[in-house]
Amino acid sequence: MPDHDLRSAGLELDTTKPSPARVYDYFIGGKDNFAADRAAADMVLKDWPEIRPAALANRRFLSRVVAELTRRGFRQFLDLGSGLPTQENVHHVAQRIAPDARVVYVDNDPMVLAHARALLDDSSGTRYVHADLRDVDEVLRAALDTGLIDYDEPLVLLMVAVLPFFRETDDARGIITRYTGALAPGSLFVCSGMVSNTAPPEAAARIRQQFGSAPSPALIRTRAQVNEILDGFEVEPPGLGNVRTWPDPGPDEFPLNYGGVLRV
Ligand SMILES: C[S@@+](CC[C@H](N)C(=O)[O-])C[C@H]1O[C@@H](n2cnc3c(N)ncnc32)[C@H](O)[C@@H]1O
């Protein structure tokens, strides 16, 4: 989508401030990022070099979990905080295994919208919804309006590397349960995020400093805080843990891509 179209849609593509979607793209070796994103990412990497392998491991977890759940028979995926459509996106993985798999992506970064408009083909069983995932009713309705989602059938809800973007003041638990409450029995909720039980304090401070003014400042939670948000969900084996080697239990190492597959 050209810049002027984004502007007329009220969406400014500000390339002078780091954007979480583009910083993450830089971490995983993508090319859709700008100098401000790379500068912010490099500052974080200086204190916390493990974040790059962690981001790559997260991306591989996303591919593995989508492949596994497609093989198990799931045919619809609602991907909240989908990020830039780089290589091996959810629809590539799912539709390679099951060409009839349907995927709806949701993100609130204008850059993601621009890429989605350019790359996604309306006939492909894949759509993009530009929305803030905290506007649960709007997202659920917009996903339904794509014609690809049927809430009466089991669905896979993905929130992969998205938990850090819930602010302290957001009711993360409430938002999640409003989504899962709208889904048919048998649906699954895939959730992961970086946790920081042992994060170097300089790195945590750097992340706050770099992303404090971003539209979605990242907040690295402890494992205990994530457990509290996800408390009460039944978890598929191997349970909540490091998703680096999912579905095998992962090593208890830092930094952890902590999460798992939860039953709805
Ligand atoms: C770290 S990326 C993860 C991308 C992808 N899920 C993955 O795991 O590869 C986080 C994404 O969440 C998006 N995001 C953050 N807050 C959001 C919000 N409130 N509504 C919609 N998207 C959001 C960001 O724009 C970014 O693209």
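Note that the structure is a prediction, hence the values are computed from the model and not measured. Numbers here simply count residues along the sequence, with the first being 1. Each ligand, and each atom within it, is numbered from 1 in the order the structure gives.
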Open item on the list: Looking at non-hydrogen atoms alone, which of P20, S82, A55, S63 comes nearest to atom 5 (C) of ligand 1?
Closed with: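 Looking at heavy atoms only, the winner is S82.
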Task: Name of the residue among L133, D132, L140 meeting side chain to side chain contact (heavy atoms under 4.5 Å, CB included) with V136 - done: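 Per the side chain to side chain contact (heavy atoms under 4.5 Å, CB included) rule, the option paired with V136 is L140, out of L133, D132, L140.
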Open item on the list: If you apply the rule side chain to side chain donor-acceptor pair (under 3.5 Å), what do you find for N33 with D25, and how did you get there?
Closed with: CA-CA 7 Å; N33 45 71; D25 176 71; 3.0 Å; yes
For ligand 1, find out whether one of its N or O atoms is nearer than 3.5 Å to an N or O atom of [X].
{"X": "D109", "value": "no"}
{"X": "Y24", "value": "yes"}
{"X": "G81", "value": "yes"}
{"X": "V162", "value": "no"}

Open item on the list: Does the residue A131 have a heavy-atom contact with ligand 1, meaning some pair of atoms that are separated by less than 4.0 Å?
Closed with: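 Checking ligand 1 against A131, which is what was asked, there is a heavy-atom contact under 4.0 Å.
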Task: Part of P164 with heavy atoms under 4.0 Å of ligand 1, whether side chain, backbone, both or neither - done: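 Near ligand 1, P164 shows nothing, with every heavy atom at 4.0 Å or more.
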Task: Contact summary for D32 and M111, nearest pair of heavy atoms - done: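 Looking at all heavy atoms of both residues, the closest pair is O-CE, 3.8 Å.
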TODO: Might you point out which heavy atoms bring A55 and Y24 nearest each other, and give the distance in Å?
DONE: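 That closest heavy-atom pairing would be O-OH, 3.6 Å.
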Short list, please: which atoms of ligand 1 are under 4.0 Å from a heavy atom of [X]?
{"X": "G83", "result": "4 (C), 27 (O)"}
{"X": "N108", "result": "14 (N), 17 (C), 18 (C), 19 (N), 20 (N), 21 (C), 22 (N), 23 (C), 25 (O)"}
{"X": "N58", "result": "7 (C), 8 (O), 9 (O)"}
{"X": "V160", "result": "3 (C), 5 (C), 6 (N), 7 (C), 8 (O)"}

Open item on the list: Please tell me whether H91 and Y105 have a donor and an acceptor in their side chains that are separated by less than 3.5 angstrom.
Closed with: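 Checked: H91/Y105 side chains pair up, N/O donor to acceptor below 3.5 Å.
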Open item on the list: For Q95 and S124, which I'm curious about, is there any donor-acceptor pair between the side chains at under 3.5 Å?
Closed with: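 Absent: no donor and acceptor within the cut-off.
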TODO: Would you check if L84 and R22 make a side-chain contact, meaning some heavy-atom pair closer than 4.5 Å?
DONE: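 Counting from C-beta outward, L84 and R22 do come under 4.5 Å.
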Task: Validation row: V264, Y179 side chains within 4.5 angstrom (heavy atoms) - done: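 With C-beta onward as the side chain, the pair stays apart.
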